[in-house]
Amino acid sequence: MGSYIFKRVLALVPILIGVSFLVFTIMHLSPGDPASLVLGEQATAEQIAQKREEMGLNDPFLVQYGNYVFKYVQGDFGQSYVSNRDVATEILSRFPNTVTLTIASMIIAIGIAIPTGIIAATKQYSITDNVATVLALLGVSMPNFWLGLMLIIGIAVPVQFIPTGGMKVAYTLFGNIKIPTLGSIILPAITLGTGAAGIIMRMTRSSMLEVVRQDYIRTARAKGVSEKVVIRKHALSNALIPIVTVVGLQFGYLLGGAVLTESVFSWPGVGRYMVDSIKTRDMPVVIAGVIFMASVFTIVNLFVDILYAYIDPRIKAEYKKG
Amino acid sequence: MKKLLAVLIMATLTLTACSKGDGVSDGEKTLKVALGADVASFDPHGKNDQPSSRVRTNIYEGLIYQDADLNLEPLLATDWSVDDTGVVWTFNLREGVTFHNGEKFDAEDAEFTFNRAMKSAEVGHLLETLETVKAVDDYTLEIVLKYPYMPLLNNLSHTTMGMLDKGTVEAQGDQYASGSNGNIPIGTGQFKFDNFVQGQGTTLVKNENYWNKDKIAKVDKLEMLTITDNSSRKLSVEAGDVDIAYDIAAPDFASIKSNADLKYTNDYDLSYAYAGFNMENPIFEDVRVREAINLAIDVDSMVQAPTIMNGLGKEANTPISNKVFGWSENVKAYGYDPERAKELLKEAGKEDLKFNIWTNENPTRVQAATVMQSQLAEVGITANVVQMEWGAYLDGTANGEHDVFILGWVSSTGDPDYGMYPLFHSEAKGAAGNRTFYENPEADALLEAGRAAGTEAERLEIYEEIQQLIMDDFVHIPLWYTSRVHAMNKNVEGFEAHPAGSMKLYNVEVVK
């Protein structure tokens, strides 16, 4: 197991080099001069020339990329073109907020999706199943920003205890991790969670449907095992692998920042920051941000793979053999 | 599974318990204001953008203040004079002013501030006419210009010209006010910096030692919160989460107007929206063609259109905002006359005219371009709307690759020189502002005379002449002047909108 994890972590290096080169090239090729973007439409030609020099834009492409990589290796992610603030500090200060929101929405998503998925599967084609499937479809197809605005209008405006946006801090852990109040996180978490819930619920349903048709389930029932135990112990534990994969992917995806939800609820997360930076062509932020996201996504996937070993004894046995 | 559930329940309970304690005030007065973006830099020379200026104007003070009617008032300078040559300006500075860190403000700070600003790529252009700045004694500053330049006082009143504490800035270098290592902004204004959280906003606190006891802040704490989404910002003031919400979007205005718990201000800002011709493009060589295009476009219908301005503005009659000094009401807008447009096109022999209208992704501009396209089609002109990414748009228009483009210009000092010299002087062709590539020696001469003229009356006359000349040359399709709406709780008192968009909030409070 240890060597497997080590190999996977090592595989991160070429991924990160590839991702950084790709982003750097795209940003470099996209039209528009970053210096004039930073200075806006009222800047003079001399100011733009001065800014280009400051930003190192007059160097050849590979030299610019090389400079970046050289600095990255030393842990220097550069400074934002727009605000001159340290990029690493900016991203790291926002990341815990994104993590908190992701965890909260995953709690909501899993809490809704797995029980509904199981019920829908065990009572296939019943009214419950049909209602659950339609709701899941709604959850997946509903645009986040719209649901967010509806929740603000319907709940936050009339209810005093729930703010229309922003993150209200209840307490701070380790100086950087801010735990928000329930009132301020509930609506963004529901907004984000419903989308994920739909996807997870559908996966739970189909995975369970497949498993309950297996022979060993029939055997368990024939042995007289109670239905509750059949579903929970025999069916669910075998249906779990595809569900964990989807949950893991959704988790990684949400960690990448929920752009629209963060904007609608003024949530100080990474996603909103990235989009703002793309708009202003703030290269250092975009590149560092994408590399950061790629690493997070890969690490989450690695965790999911490790988790398999615990869910499925067969996988663990494989590693022991190898 | 059960353990996990128990942990989750515990966590939820803790969070709920904590949220109950939220919002309890200990008797201090707080004012909450919602803005559309974070402060990009607390260093006035670091970034010249409106969200930053809106916060910084409460921390810093310049030598001169431009009030909401755009009158120039003494602030950290008590008075000033200019010699007969028009190039040597002497400023007497206010004594007894201290910075937020307790240091005294004097002429050396002013000299340092201007010298630093002159080197800034962001704000240096405001001081490009300065030759030297010198502290004559502790409270006298002398500025020598390269040539007589009357709008100097307007430029010095710009929000980026706030006085800095020389000692603090020298100690922090280019990391001044960056937030790291305790580098916080230090000014002389009514509010002191308290903290800034990325994506959430800035908290300022009352400066108890403010030099003018009559203008001390009325609230103890000023929270300037970042709410980027327009609808969310509007909803936050409706729900009472904030006291004031800046910049209500045009489509949301109706719901603010009809809400009895809210009030609002609705005033013109310093911006002018226009579509410009590429004057070097042979398509537009004939003035009759440019006139015909103008007559074919019904600007007022765009101002009223719910998807464009929704009535929050009015048709521009000159190429400068109606709030700017020297704006002339004697100059007439072109009006809408499609029949005359057809005749002119026939006379010019250009009945099958085809060209592109460039716009960036700004939704208002895209909508305007689409309306223009359909109105032009009615007189037989085929216009093609080309939407571009902002960076490519700036580059393309600077290099003259366009036919017609849509942009705006903000005369942020309130002076017509700032508004018209960069847009129409031949020296500013391309990136510097003149993206129409307009060149007219008569206009050049008038624009130069306008900045050097000594008296207000002379300047008014010159600028009226310039406005008429530009209109007669049909350089632009003048679009509109924008009216901005700021919404607030009906118990907010003392708020006054500023056409430049940066409000000092010391006089504002919520009266229960």
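Just so it is clear: chains get the letters A, B, ... in the order the sequence lines come, proteins before strands, and each one is counted from 1.
- Residues A:Leu149 and B:Leu235 have side chains in contact (heavy-atom distance under 4.5 Å, counting atoms from C-beta outward).
- Under a cut-off of 6.0 angstrom, the local environment of CZ in A:Phe61 is crowded, with over 12 non-hydrogen atoms contributed by other residues, nucleotides or ligands.
- Between chain A and the residues B:Pro422, B:Ala398, B:Ala392, the most heavy-atom pairs under 4.5 angstrom are made by B:Ala392.
- Interface check for chain A: of the options B:Asn230, B:Asp395, B:Thr397, the most heavy-atom pairs under 4.5 Å are formed by B:Asp395.
- Of the atoms belonging to B:Leu225, not a single heavy atom falls under 4.5 Å from chain A.
- Atoms CG and CD, on B:Asp174 and A:Gln79 in that order, are 7.5 Å from each other to the nearest 0.5 Å.
- Heavy atoms only, all atoms of each residue included: A:Pro268 and B:Gln200 are closest at CG-CG, 3.4 Å.
- Considering every non-hydrogen atom in both B:Ile227 and A:Ser266, the closest pair reads CG2-OG, 3.1 Å.
- Heavy atoms of B:Glu361 lying under 4.5 Å from chain A are absent altogether.
- With respect to A:Thr164, the side-chain contact (heavy atoms from CB on, under 4.5 Å) criterion is satisfied by exactly one of B:Ser232, B:Ser236, B:Ser231: B:Ser236.
- Other residues, nucleotides and ligands place no more than 12 heavy atoms under 6.0 Å from the CD atom of A:Glu53.
- For B:Asp229, the parts sitting under 4.5 Å from any heavy atom of chain A are the backbone and the side chain alike.
- Looking at B:Lys429, there are no atoms closer than 4.5 Å to chain A (heavy atoms on both sides), in backbone or side chain.
- If you measure heavy-atom distances from B:Asp49 to chain A, you find no contacts under 4.5 Å at all.
- Expressed to the nearest 0.5 Å, how far CD1 of A:Ile153 lies from NZ of B:Lys234 amounts to 6.0 Å.
- When heavy atoms are compared at a cutoff of 4.5 Å, B:Ser178 approaches chain A solely by way of its backbone atoms N, CA, C and O.
- In terms of heavy-atom pairs under 4.5 Å with chain A, the best-connected choice from B:Gly396, B:Ala428, B:Ala239 is B:Ala239.
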